[in-house]
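Every number for a ligand or one of its atoms is a count from 1 in the order of the listing. Reckoned from all heavy atoms, side chains included, excluding hydrogens, waters and symmetry mates.
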Amino acid sequence: MPVVLDGKAVRDAILESLRPRVARLVEEQRAPGLAVVLVGHNPASEIYVRSKVKACEELGIASEKHLPTGDVSTEDMLFLVNRLNQRRDIDGILVQLPLPDQVDEQEVLLAIDPSKDVDGFHPISSGNLMANRAGFRPCTPAGVMKMLEHYGVPLAGKHAVVVGRSDIVGKPMAMLLLHANCTVTICHSKTQNLAAECRRADIVVAAIGRPAFITRDFVKPDAVVIDVGINRVKERDRVVQMFGDNPARMAAFEKNGSVVVGDVHPEVFEHCAAYTPVPGGVGPLTIAMLMSNTVASAEWRLGITP
Ligand code: GUN
């Protein structure tokens with residue numbers, strides 16, 4: 001039977017380890033401060049931001065939301081970011097992506113003070129990651145590393161295949177695995193013979209954003225499969241094809257009219273050594289690592305060594 005890699009258990013362990021660090025910051029100086037910028041009304045972004053603010057509340061991190069309207073200009077965003085950069089009580093600045101088309105996303109991310117870049121998207125943070133120097137790591141790939149560490153998945157000398165080359169997940173994921181001494185292959189939409197590349201992997205990380213794309217023929221027996229995808233599927237045929245033999249998931253579909261699935265097809269699970277479920281796998285770790293980065297930022301900025 002495969003091991004189910006439980007993201008909620010790992011998240012809880014991370015959050016528990018942060019509690020005494022937050023308590024010390026509060027006692028000796030002040031609570032860590034996170035500013036979240038959410039532009040317009042993107043429903044998915046609104047849900048993410050709500051979860052991030054809730055996690056702050058539960059941990060005792062001071063959070064504040066900034067809500068520019070959907071027609072905001074790049075200039076106004078830069079003005080807001082610069083104000084937050086100058087605030088001494090703000091340790092982390094998170095600009096929820098995507099931004100509307102009229103806003104130059106790269107310019108805005110570049111404007112964030114790298115010492116407050118808790119998302120780890122600033123080129124300074126990417127450079128630190130590349131050079132294996134201390135710095136903020138993007139939250140989702142950092143969460144995957146915590147998951148692998150928590151479950152004692154051996155990495156040194158193993159072949160890891162990352163499917164997806166985004167700046168937020170694929171590229172930093174590959175770099176983190178490389179620093180853990182994996183042999184790393186990055187695959188993407190133009191990769192030839194993708195299934196064969198993936199079949200060579202001891203560890204597959206799927207971060208492509210296509211529901212149930214990774215099927216059984218992509219995965220060698222006894223591989224560890226990490227699913228970063230979060231996709232909503234509404235077509236009944238597709239849901240039946242994926243979950244026809246799973247009464248709980250079919251009942252959820254009948255109730256909600258859609259199901260959330262990862263990039264990995266459920267048929268893979270019984271043939272691998274371990275896998276992350278969706279939901280409940282990698283998802284909960286992203287916010288836990290944001291909290292971790294925010295606490296670390298406050299400690300760095302206030303000169304406290306954990
Ligand atoms: N949009 C989707 N994922 C993320 C994330 O991790 N951080 C930010 N800022 N925006 C996102």
Side-chain angles (χ1 to χ4, degrees), residues 7 11 14 33-56 61 63-68 70 72 74 77-78 80-81 84-85 90-101 103-114 116-126 129 135-147 162 164-173 175-176 205-210 226-232 260 262-263 276 278-279 281-294 296-297:
R11 170 197 62 194
I14 295 168
L34 175 67
V36 181
V37 181
L38 170 63
V39 177
H41 292 287
N42 177 324
S45 292
E46 284 174 345
I47 292 171
Y48 287 134
V49 165
R50 207 176 307 139
S51 309
K52 290 170 184 178
V53 169
K54 186 163 163 254
C56 285
I61 292 175
S63 72
E64 59 183 42
K65 272 195 291 187
H66 296 265
L67 304 169
V72 70
T74 302
M77 286 294 288
L78 295 178
L80 170 59
V81 166
L84 296 171
N85 282 344
I90 293 295
D91 302 297
I93 301 170
L94 183 150
V95 177
Q96 187 66 31
L97 304 179
L99 293 173
D101 289 346
V103 178
D104 186 335
E105 197 166 284
Q106 291 302 324
E107 274 293 304
V108 172
L109 295 181
L110 198 60
I112 294 173
D113 179 340
K116 300 188 178 189
D117 178 36
V118 288
D119 249 338
F121 295 164
H122 193 287
I124 293 272
S125 299
S126 320
L129 168 57
F136 296 112
R137 305 303 192 228
C139 300
T140 300
V144 171
M145 296 308 288
K146 285 278 181 196
M147 176 84 97
V162 179
R165 54 174 157 178
S166 68
D167 291 336
I168 294 180
V169 182
K171 284 191 228 170
M173 185 78 254
M175 205 49 66
L176 288 168
V205 181
I208 353 154
R210 292 176 65 176
I226 305 291
D227 191 350
V228 180
I230 301 176
N231 312 289
R232 194 168 281 284
V260 172
D263 291 350
T276 60
V278 175
V282 174
L285 296 176
T286 299
I287 291 178
M289 295 316 294
L290 174 67
M291 299 298 107
S292 173
N293 279 351
T294 304
S297 179

Practice prompt. Please state which part of Leu94 comes within less than 4.0 Å of ligand 1, counting heavy atoms only: side chain, backbone, both or neither.
Written response: side chain
Worksheet item: Backbone or side chain, does any N or O of Thr286 fall under 3.5 Å from an N or O of ligand 1?
Response: no
Discussion item. One residue to check: Asp119. Relative to ligand 1, which of side chain, backbone, both or neither has a non-hydrogen atom less than 4.0 Å away?
Written reply: side chain
Discussion item. Rounded at 0.5 Å granularity, tell me how far OG1 in Thr286 sits from CE in Met291.
Written reply: 11.0 Å
Item to complete: Determine whether any heavy atom of Phe121 lies closer than 4.0 Å to an atom of ligand 1.
Response: yes
Worksheet item: Going by heavy atoms in the side chains, are Pro138 and Ile168 under 4.5 Å from each other?
Response: no
Item to complete: Report the distance from atom CG of Leu109 to atom OG of Ser126, rounding to the nearest 0.5 Å.
Response: 9.5 Å
Worksheet item: For atom 3 (N) of ligand 1, what is the nearest protein heavy atom, given as residue, atom name and distance?
Response: Gln96 NE2, 4.4 Å
Response to the item:
for atom 10 (N) of ligand 1, nearest protein heavy atom and its distance come out as Leu97 N, 2.9 Å
Item to complete: Would you please test His66 and Leu84 for side-chain contact (heavy atoms from CB on, under 4.5 Å) and show each step?
Response: CA-CA 10 Å; His66 296 265; Leu84 296 171; 3.6 Å; yes
Worksheet item: Can you find a heavy atom in the side chain of Val108 that is under 4.5 Å from one in the side chain of Val37?
Response: no
